[in-house]
Enquirer: 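What follows is a structure written as structure tokens; I'll ask about it next.
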Amino acid sequence: MSLKRIVIDYFIKHKLKLILVILLVLLSALFAIIPAQILRYFVDNILPSKDVNKIFIASIIYVLSYVCLGIVNFINSYIMLNTSQYITAELRIKMMQHVEKLSYNLLVNTSSGSIESYFNNDVNSINELFTSGVIDMISDIFKMIMIAISIFVYSYVFGIILIVILPFLVLFTSFIRKRMLKAQLRTKNLEGDINKFLLESIENAEQVKVNKANKYVLTRYNKVLLSHFKVNQASNLYDAIFSPFMQLVRNIVICVVLLLTGYKNDIFGMSIGMVISSISLLTDLFTPIENIGMEIQTIQKSLAAIKRINSFLIMEENNDNDISFNSNNFDIVYDNVCFAYEKEDVISNFSLKINQGDKLTLKGPSGVGKSTLMKLAMGLLKPSKGKVSIGGIDTYRLDDESRKKLFAIVYQDPFFSNGTIYEEVSLLDENISKQEVRQALNQVGLDYIDDIDKILIPNEYSSGELALFNIARVIVRNPKIIFLDEMNSKIDPYTAHNIIELINKISKDKIVISISHYGELLNKAKVIEMTKTDL
């Protein structure tokens, strides 16, 4: 679903809010000219009477007109803020749903910084499109039209002069707009690089300090920041030129009006009150024009963000995983499988059958394809050639529900997201009860935990205990196939042996595929030594 569809659906659902926004925009334009009209009447009719009561009442009315304008703008801003929060929240939900449908290969080849930039920087820019972009710009345009009409009513000569000036201002604004968009697009792309670098630096902060690599990291960071700074300056330069230029033109026009009126009173055919009112209108006219300059910057920034998000939303989804697994045959078959990362062959003509209950350990140096074979078995990757199947079904074709029931993986680095112990073990699966979580914790040796509703804080547990939490996740799901991805590389040998024994107990009738030195200790383990030449 596109951003356009989300916005349309929102306003279809909230028709009254849309009508209210339109009404408020019109009222805002109307109140933009009322103070000047009151000022004209005040100077031409009230002041000459020298009636203190009338002067006081007129002054109160003049002030109240600005109060009403402020109230209208406040209500409009509140509604648009509420609208933007809903739309951006809905957009983030749709984007996350899209991430879940992306193929594993595409996802891992997209930098984490770029994805983070889509969700934060780009979505925040779209939020500004509603809060200080399109609606404000439409409102300011209506104000300009109303002010121009009022000046024409006062004096067609003055109105014609204004009409002559406005096209130049519009052309200048257009000039700024075209150049700003290009700079905003480049800035957005570089923001993704900055976010990626920051995430990498934070994740590896310990290694940076231990290896005294601060200078190296700082040099790289400065290089990325400098590139971003240069591109961002191009956009800021146009923005800096615009506002002073508009103020200069406004003051020149006001000065010319005063000089011509002083030289010849009837040159514009206006009374003193009209002249003062016109100057007020001119000030109010250039204010929305200056605002439009800022709004153009916001809109250009938002358009750049929309283009990036649209490019993200059209990333090819994995539409192949549409088959539900209903077979009793859980054998995994590799049939002349080939796979390459960016044209670099990793797996070549690999064939193997893994029967239900088999325990397989993959050994070999880094880069020979151990993890790739595991990902092919899970269906995260699609073979370049050949076939990987379970029960005769291509693994990459399995739907998410089948994949969830069939597979479980124990990673080297367990993933936790600040949930309770129950939430972290059950992963919010409604079919898993708290009693089942307690039983799983008891089974893995974490029976001393008496409160599973407290937050799981990783720093409070050893690496071995965190690995046990990960195994408890496997136990409560009771999958047919278990993958061990270097799950015990960071724990001591004693704990690792205990974990292997635990896996032996829970996996008697299951397939276990391990990438681990201790995987050889699995009951009846079959060891495959992998080398580059073999594959």
Side-chain angles (χ1 to χ4, degrees), residues 89 92-93 95-102 104 107 318 321 324-326 330 374-375 377-380 390 395 398-488 490-491 495-496 498-514 516:
R92 283 191 171 102
I93 291 172
M95 290 170 66
M96 181 57 71
Q97 291 173 345
H98 180 64
V99 169
E100 293 176 356
K101 295 178 182 178
L102 293 177
Y104 177 84
L107 194 58
N318 186 7
N321 54 337
S324 178
F325 186 86
N326 298 309
F330 305 109
M374 185 178 290
K375 291 168 185 175
M378 285 188 283
L380 296 177
I390 176 170
T395 54
L398 294 169
D399 61 22
D400 291 338
E401 191 62 29
S402 298
R403 202 185 308 275
K404 179 179 178 181
K405 291 178 180 179
L406 285 170
F407 308 125
I409 183 167
V410 181
Y411 285 103
Q412 175 180 345
D413 296 307
F415 165 74
F416 302 105
S417 56
N418 201 37
T420 65
I421 292 174
Y422 166 71
E423 292 170 341
E424 294 291 357
V425 175
S426 68
L427 297 178
L428 293 180
D429 188 332
E430 296 178 354
N431 297 318
I432 299 175
S433 68
K434 290 188 176 181
Q435 182 61 30
E436 289 174 315
V437 169
R438 288 192 181 94
Q439 290 175 353
L441 292 175
N442 292 341
Q443 196 169 347
V444 300
L446 296 174
D447 49 310
Y448 60 86
I449 296 176
D450 55 1
D451 183 8
I452 63 173
D453 290 318
K454 69 178 182 180
I455 300 297
L456 195 161
I457 302 174
N459 291 337
E460 295 180 354
Y461 300 93
S462 68
S463 57
E465 289 172 316
L466 294 177
L468 293 176
F469 278 117
N470 214 355
I471 294 173
R473 286 175 174 171
V474 174
I475 292 174
V476 295
R477 286 177 57 187
N478 191 29
K480 301 298 181 182
I481 301 164
I482 300 173
F483 299 96
L484 309 178
D485 187 6
E486 297 287 358
M487 60 89 192
N488 48 19
K490 294 184 178 180
I491 55 181
T495 304
N498 288 339
I499 289 176
I500 290 296
E501 287 301 314
L502 176 61
I503 292 173
N504 279 328
K505 291 179 181 179
I506 66 174
S507 64
K508 292 180 180 179
D509 60 342
K510 305 180 187 299
I511 290 176
V512 179
I513 301 178
S514 171
S516 143

Enquirer: As an exercise, state the distance from CD1 of I421 to CG of L446, rounded to the nearest 0.5 Å.
Expert: 8.5 Å
Enquirer: How long is the span from the CZ atom in R473 to the CD1 atom in I432, to the nearest 0.5 Å?
Expert: 10.5 Å
Enquirer: Output yes when R477 and D429 qualify as a salt bridge under the 4.0 Å nitrogen-oxygen rule, no when they do not.
Expert: no
Enquirer: Looking at every non-hydrogen atom in both residues, tell me the closest pair between R403 and M378 and how far apart they are.
Expert: NH1-O, 2.6 Å
Enquirer: Minimum heavy-atom separation for T395 to A377, with atom names?
Expert: CG2-O, 3.2 Å
Enquirer: For K434, check side chain to side chain donor-acceptor pair (under 3.5 Å) against everything at least two apart and list the hits.
Expert: D453
Enquirer: Where is the tightest heavy-atom contact between A440 and A472, given as atom of each residue plus distance?
Expert: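 What the structure gives for the nearest pair is CB-O, 3.9 Å.
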Enquirer: Mark yes or no for whether S402, through its side chain, and L398, through its backbone, hold a donor-acceptor pair below 3.5 Å.
Expert: no
Enquirer: Hey, what do you get for CD1 (I455) to CD (E460), rounding to the nearest 0.5 Å?
Expert: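 The CD1 atom of I455 sits 10.5 Å away from the CD atom of E460.
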Enquirer: What is the minimum heavy-atom distance between I390 and F325, and which atoms define it?
Expert: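 Result for this residue pair: O-CE1, 3.3 Å.
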Enquirer: Roughly how far, to the nearest 0.5 Å, is the NZ atom of K480 from the CZ atom of F407?
Expert: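 Going from CZ on F407 over to NZ on K480, the span is 12.5 Å.
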Enquirer: Find the distance between CD1 (I482) and CD1 (I506) and round it off to the nearest 0.5 Å.
Expert: 4.5 Å
Enquirer: Do the side chains of D485 and V410 get nearer than 4.5 Å, heavy atoms only?
Expert: no
Enquirer: Are the side chains of Y448 and L441 in touch, meaning some heavy atoms are under 4.5 Å apart?
Expert: no
Enquirer: Rounded to the nearest 0.5 Å, what's the gap from CG on N470 to CD on E465? Could you check?
Expert: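 Between atom CG of N470 and atom CD of E465 there are 13.5 Å.
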Enquirer: Closest heavy-atom contact between I409 and M374?
Expert: CD1-SD, 4.0 Å
Enquirer: Do N478 and K405 pair up side chain to side chain, a donor and an acceptor below 3.5 Å, judged on atom types alone?
Expert: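 Not at all, the side chains of N478 and K405 share no donor-acceptor pair under 3.5 Å.
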Enquirer: Kindly give the heavy-atom pair with the smallest separation between V476 and V425, and that separation in Å.
Expert: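 For V476 and V425, the tightest heavy-atom pair comes out as CG2-O, 3.8 Å.
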Enquirer: Where does the angle between the aromatic ring planes of F469 and F416 fall among parallel (under 30°), tilted (30 to 60°) and perpendicular (over 60°)?
Expert: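 The arrangement is perpendicular - the two ring planes meet at more than 60°.
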Enquirer: Strictly distance-based, threshold 3.5 Å: is any side-chain N or O of E436 a donor or acceptor partner for the main-chain N or O of S433?
Expert: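 Answer holds: yes.
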Enquirer: Is it the case that the side chain of Q443 and the backbone of I475 share a donor-acceptor pair, with hydrogens and angles ignored and the cut-off at 3.5 Å?
Expert: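 Here the side-chain-to-backbone pair does not exist.
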Enquirer: How far apart are the C-alpha atoms of L484 and V512, what are their side-chain angles, what is the distance that settles it, and do they pass the side-chain contact (heavy atoms from CB on, under 4.5 Å) test?
Expert: CA-CA 7 Å; L484 309 178; V512 179; 4.0 Å; yes
Enquirer: Check for a donor-acceptor pair, side chain of E424 on one end and backbone N or O of N418 on the other, with a separation under 3.5 Å.
Expert: yes
Enquirer: Within the distance-only criterion (no hydrogens, no angle test), does the side chain of K454 pair as donor or acceptor with the backbone N or O of T420 below 3.5 angstrom?
Expert: no
